[in-house]
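Here's the structure, in structure tokens; my notes come after.
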There are 2 protein chains.
Amino acid sequence: MKRHCGIWGHRLRNYGFKCTPGRELILEILETSEEHLSPEEIYSKVKDEHPEIGLTTVYRTMEILNNLGMVIKLDIGDGRARYELSEDHSKKSHHHHLICSTCKKIIDYNDFVEDEKVYLLKIEKALEKRHNFKINNHVIQFYGKCSTCNKNEEKI
Amino acid sequence: MKRHCGIWGHRLRNYGFKCTPGRELILEILETSEEHLSPEEIYSKVKDEHPEIGLTTVYRTMEILNNLGMVIKLDIGDGRARYELSEDHSKKSHHHHLICSTCKKIIDYNDFVEDEKVYLLKIEKALEKRHNFKINNHVIQFYGKCSTCNKNEEKI
DNA sequence: CTACCTGCAAACTCTTTGCAAGCAG
DNA sequence: CTGCTTGCAAAGAGTTTGCAGGTAG
């Protein structure tokens, strides 16, 4: 059966992977949902539309996308992986994360990113040279307590 | 039996925890070993000296130390936790990590840290104000390929 | 047609928990 | 003594894998 592949399917093919309903759906979900989805969360959204697709496919797809650099794998310390479309593939602009250690809420911020970009690029270049390393990604996360958790703690 | 508690034991007591052989040993190991140890690695070193101490104790101790801020819990994407003594409690200076996505090797670097400190402090203050967040830690990691893995890849 | 892809179930790995016994303070 | 700590075994959670059947190209 000939499948009609959308933009995501075509990208996958460019990378030498097949365009399948599951893979396309997962990518669509990543594009239209809020960020930082865990495999289980992606799976639950997948099931709404295509109940026949399994959790295993989500895991396998996410690994492919991560290897291709199409998604970024985050770890916010809640014991499960979380993914978001990489800058190059999403409409969202470059941002970093503010993570509440208590409730695990994630706040995206892109204040200072222009500053950061210049600064990080400088560091990356220097580190690459000094340590003979090919850098292709960075993670910057600030951990702390969000306003809600702060208030709750004061009450105790 | 009266126990003779070392510097680490005293610190634990200051925090309201008991000084036990297991806890002291784990802290000594953290101080004298290379960084970024996983629970299993710590356990293996513990066993060399005190085979009666169990892995569970390592996990429980690391959680305490993490909550107290005495250690930093790292996640380098190899599916297990890794710990290092926090800056305040170790002799090592502030540093960040360069992580090879392929072999998971970690390179500590402290080039630019002075620059970074000033810059990060500025960002932290601004983020705290704007997002009403109490920041108490940050993670900065660069991911890429180390020289060895780069060479290996070229051969393929 | 063929190699890649999939769902299912089982396996695996790391981490956490319940419990009775042990020990620090 | 008393309540925090511990080791063990078992449970839990997230992720990976083997395999037989399915499908994209």
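In the text below, chain A, chain B and the rest are named by the order of the sequence lines, each starting its count at 1.
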Please state how far atom [atom1] in [X] lies from atom [atom2] in [N], giving the value in whole angstrom units.
X       : N      : atom1 : atom2 : value
B:Tyr15 : D:dT5  : OH    : C1'   : 20 Å
A:Arg82 : D:dG14 : CZ    : P     : 10 Å
A:Leu55 : C:dT6  : CG    : C1'   : 13 Å
A:Glu24 : C:dT6  : CD    : C1'   : 16 Å
A:Asp75 : D:dT15 : CG    : C1'   : 13 Å
A:Arg80 : C:dT15 : CZ    : P     : 15 Å
B:Phe17 : C:dC23 : CZ    : C1'   : 17 Å
B:Ile26 : D:dT6  : CD1   : P     : 8 Å

Donor-acceptor under 3.5 Å ([X] side chain, [Y] main chain):
X        : Y        : answer
A:Arg23  : A:Lys18  : yes
A:Glu24  : A:Gly9   : yes
B:His10  : B:Cys5   : yes
B:His36  : B:Glu34  : no
A:Ser101 : A:Tyr143 : no

Would you mind checking if A:Glu35 and A:Arg82 are paired as a salt bridge, meaning a charged N to carboxylate O distance below 4.0 Å? no

So what does B:Arg60 hit on the nucleic acid, given a heavy-atom distance under 4.0 Å: a base, only sugar-phosphate, or nothing? base

Any [X] side-chain N or O less than 4.0 Å from OP1/OP2 of [N]:
X       : N      : result
B:Arg23 : D:dT6  : yes
B:Thr56 : C:dT16 : no
B:Tyr59 : C:dT16 : no

Under 6.0 Å between the ring centres of B:His131 and A:His96? no

Between D:dG25, C:dT15, D:dT6, which nucleotide gets closest to the side-chain atoms of B:Ala81? C:dT15

Residue A:Lys18, side-chain atoms from C-beta onward, closest of D:dT6, C:dA24, D:dA24: D:dA24

Using a 4.0 Å cut-off on heavy atoms, which residues in residues 31-53 of chain A reach DNA chain C? List them by number, or say none. A:Glu52, A:Ile53

